[in-house]
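This one's a predicted model, so the numbers in the text were calculated from it and none came from an experiment.
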Amino acid sequence: MRSMLIVSLFVFVLGCGTSGQHRWQPARWSIALHGGAGAIAKDAPQELQLAYQEALERALTLGADVLRTGGTSLDAVEQVIRVFEDDPMFNCGRGAVFNNEGKHELDASIMDGETLACGAVTGVVTVKHPISLARKVMTDTRHVLFSGVGAEHFADQTSLERVENSYFSTELRRQQWLERRARSSLVPAQDRGTVGVVALDSAGHLAAGTSTGGLTLKRWGRVGDSPIIGAGTYADDRTCAVSCTGTGEEFIRHAIAYSVSARMALARKTVQEASDHAIHEVLQPDDGGLVALDRYGRAAFSFSTAGMYRGAADSKGRFEVGIHETMIGASLAAGP
Ligand code: ASP
């Protein structure tokens, strides 16, 4: 009787192990992104919602292509963010919000989960793709964060494209600035749109990056969370990659990006549990949101705003984007 039991148990275990399709498998590669927390209203014109959806899908398609063809997670993060920086719909690069003086000061950061190497820039005014400058800080210097004039000097030593500060201006952001000035309030829902990308490549390495124009009406050299490693961006192959969006001061105060990684490592929480804890237990309602990816390629989204532009794709065929609560499965399947 006892030996029969052991044999059946053995057969059962073997069966579970070989039945294949029902067993959970980690993704070979995976990517998740956000285009800012605090999205357009649900009753915004259909065309506008569609335009955001398509922009997210384009970005996701590019990231998925990089990873599917063996590119690194750092390449996926940088290339997707560059596309967002060129897109006037998002608050980074062209389309960045206006500061108190009616100018643009851009922030970006990137982190390599394999080595914990990282680079960041803040208060950049003429660099077309701040995320690429952040990556150069990481790869070409022994420092982590360059600010303002220093960041611009560093950019002079690179071949990165430079533009007039007015290149970043769009009419929509100017209107938002004028409205905000009339009400002199700093924390808007409509003029967010910071972008962030987290990726896992087929070599098993995580990376995270974030790029932003900050908050409309921000004052003298104000630095948000986006260029602060541990606040707006974090990546560690042992836990997760994280990119945040929202009221930067709160994300800095609570070291939100790092706290997601720490909660996974120390409290053994899943990436979704750790993300939800940071956004819903630590931060206040409407402070913002984040995207995160664990080392198995599982994506987590968490936000306390009405919406967050976001998307996820992986080698298992996931390809979906979302603006408000529900995700929209897109027609373009990512494939393995
Ligand atoms: N977190 C950014 C900042 O505070 C803004 C945003 O995500 O919308 O600069």
Between the main-chain N or O of [Y] and the side-chain N or O of [X], is there a donor-acceptor pair closer than 3.5 Å?
{"X": "S202", "Y": "W29", "result": "no"}
{"X": "R173", "Y": "A96", "result": "no"}
{"X": "N91", "Y": "G213", "result": "yes"}

| said: side chain to side chain contact (heavy atoms under 4.5 Å, CB included) for V195 and L33? Distances and angles first, verdict last. | reply: CA-CA 7 Å; V195 305; L33 52 82; over 6 Å; no
Scan for salt bridge (charged side-chain N to carboxylate O under 4.0 Å, His left out) pairs involving [range], sequence neighbours excluded, and state none if there are none.
{"range": "residues 100-110", "answer": "none"}
{"range": "residues 256-270", "answer": "none"}
{"range": "residues 293-311", "answer": "D294-R298"}
{"range": "residues 115-133", "answer": "K128-E161"}

| side chain to side chain contact (heavy atoms under 4.5 Å, CB included) between R94 and V163, intermediate numbers included | CA-CA 10 Å; R94 187 163 149 69; V163 290; over 6 Å; no
| S243: which of T194, I81, T210 passes side chain to side chain contact (heavy atoms under 4.5 Å, CB included) |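 Exactly one candidate clears the test, T210.
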Side-chain donor-acceptor contacts of residues 224-231 below 3.5 Å, not counting sequence neighbours, with atom names and distances?
none

To the nearest 0.5 angstrom, please state how far the [atom1] atom of [X] sits from the [atom2] atom of [Y].
{"X": "E281", "Y": "D276", "atom1": "CD", "atom2": "CG", "result": "8.5 Å"}
{"X": "I323", "Y": "L56", "atom1": "CD1", "atom2": "CG", "result": "6.5 Å"}
{"X": "M138", "Y": "D140", "atom1": "CE", "atom2": "CG", "result": "9.5 Å"}
{"X": "Q53", "Y": "I328", "atom1": "CD", "atom2": "CD1", "result": "4.0 Å"}
{"X": "D237", "Y": "S73", "atom1": "CG", "atom2": "OG", "result": "7.5 Å"}
{"X": "T305", "Y": "H324", "atom1": "OG1", "atom2": "NE2", "result": "9.5 Å"}

Closest non-hydrogen atom pair between [X] and [Y], with its separation:
{"X": "V66", "Y": "T69", "result": "O-OG1, 3.2 Å"}
{"X": "A55", "Y": "M89", "result": "CB-CE, 3.5 Å"}
{"X": "T122", "Y": "A151", "result": "O-CB, 4.4 Å"}
{"X": "T170", "Y": "P88", "result": "CG2-CB, 3.8 Å"}
{"X": "G71", "Y": "D201", "result": "O-CB, 3.6 Å"}
{"X": "V97", "Y": "G214", "result": "CG2-O, 3.4 Å"}

Can you hop from [X] to [Y] via hydrophobic side chains spaced under 4.5 Å?
{"X": "V282", "Y": "I279", "answer": "yes"}
{"X": "V80", "Y": "L67", "answer": "yes"}
{"X": "V197", "Y": "V321", "answer": "yes"}
{"X": "L62", "Y": "I110", "answer": "yes"}
{"X": "Y309", "Y": "F319", "answer": "yes"}

| query | Is any side-chain heavy atom of I31 less than 4.5 Å from a side-chain heavy atom of L60? | reply |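 Touching, per the 4.5 Å side-chain cut-off.
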| said: Counting C-beta onward and ignoring hydrogens, is there a side-chain heavy-atom pair between L290 and H34 closer than 4.5 Å? | reply: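 No, every pair of side-chain atoms sits at 4.5 Å or beyond.
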[X]-[Y] side chain donor-acceptor pair, cut-off 3.5 Å:
{"X": "E179", "Y": "Q175", "answer": "no"}
{"X": "Q79", "Y": "R82", "answer": "no"}
{"X": "S211", "Y": "E85", "answer": "yes"}

| task | Just grab all the ring-ring contact (aromatic ring centres under 6.0 Å, His included) pairs involving residues 124-149, residues at least two apart or on different chains. | result |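 Sorted pair list: H143-F146, F146-F154.
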| field | Residue pairs passing the ring-ring contact (aromatic ring centres under 6.0 Å, His included) test where at least one lies in residues 83-116, sequence neighbours excluded | value |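 Non-adjacent pairs meeting ring-ring contact (aromatic ring centres under 6.0 Å, His included): Y52-F90, F84-F90, F98-H104, F98-W177.
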| message | Under 4.0 Å between a side-chain nitrogen and a carboxylate oxygen: does that hold for K42 and E325? | response |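 Salt bridge: yes.
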| message | Please determine whether a side-chain nitrogen of the Lys or Arg among D314 and K316 lies less than 4.0 Å from a carboxylate oxygen of the Asp or Glu. | response |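 A salt bridge is absent here (no side-chain N lies under 4.0 Å from a carboxylate O).
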| query | Under a single-linkage rule joining Ile, Leu, Val, Met, Phe, Trp and Tyr whose side-chain heavy atoms are separated by less than 4.5 Å, which residues share a cluster with L172? | reply |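 Direct or chained contacts put L172 with none.
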| message | Which Ile, Leu, Val, Met, Phe, Trp or Tyr residues join L293 in one cluster when any pair of side-chain heavy atoms under 4.5 Å counts as a link? | response |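 V198, L200, L206, V291, F301, F303, M308, M327, which link up through side-chain heavy atoms under 4.5 Å apart, make up the rest of the cluster.
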Counting only pairs under 3.5 Å, give me each side-chain donor-acceptor contact of residues 251-259, with atom names and distances, residues two or more places apart or in other chains.
{"unit_1": "R253", "atom_1": "NH1", "unit_2": "E250", "atom_2": "OE1", "d": "3.4"}
{"unit_1": "R253", "atom_1": "NH1", "unit_2": "E250", "atom_2": "OE2", "d": "2.7"}
{"unit_1": "S259", "atom_1": "OG", "unit_2": "I256", "atom_2": "O", "d": "2.8"}

| task | Identify, with sequence neighbours excluded, every residue that meets side chain to side chain contact (heavy atoms under 4.5 Å, CB included) alongside E152. | result |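 Counting only residues at least two positions away or on another chain, E152 forms a side chain to side chain contact (heavy atoms under 4.5 Å, CB included) with V124, V125, T126, V127, R162.
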| task | Flag yes if more than 12 heavy atoms outside E164 fall under 6.0 Å of its CD atom; otherwise flag no. | result |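 Check fails, neighbour count at 12 or below.
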| D75: partners by salt bridge (Lys or Arg N to Asp or Glu O under 4.0 Å), with sequence neighbours left out |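 D75: salt bridge (Lys or Arg N to Asp or Glu O under 4.0 Å) contacts with R135.
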| Could you walk me through whether L116 and M111 pass the side chain to side chain contact (heavy atoms under 4.5 Å, CB included) check? | CA-CA 6 Å; L116 305 191; M111 184 160 185; 4.0 Å; yes
| request: Using the side-chain hydrogen bond (donor to acceptor under 3.5 Å, both in side chains) rule, take S302 and S275 through it: C-alpha gap first, then chi angles, then the decisive distance, then the call. | output: CA-CA 6 Å; S302 195; S275 302; 6.0 Å; no
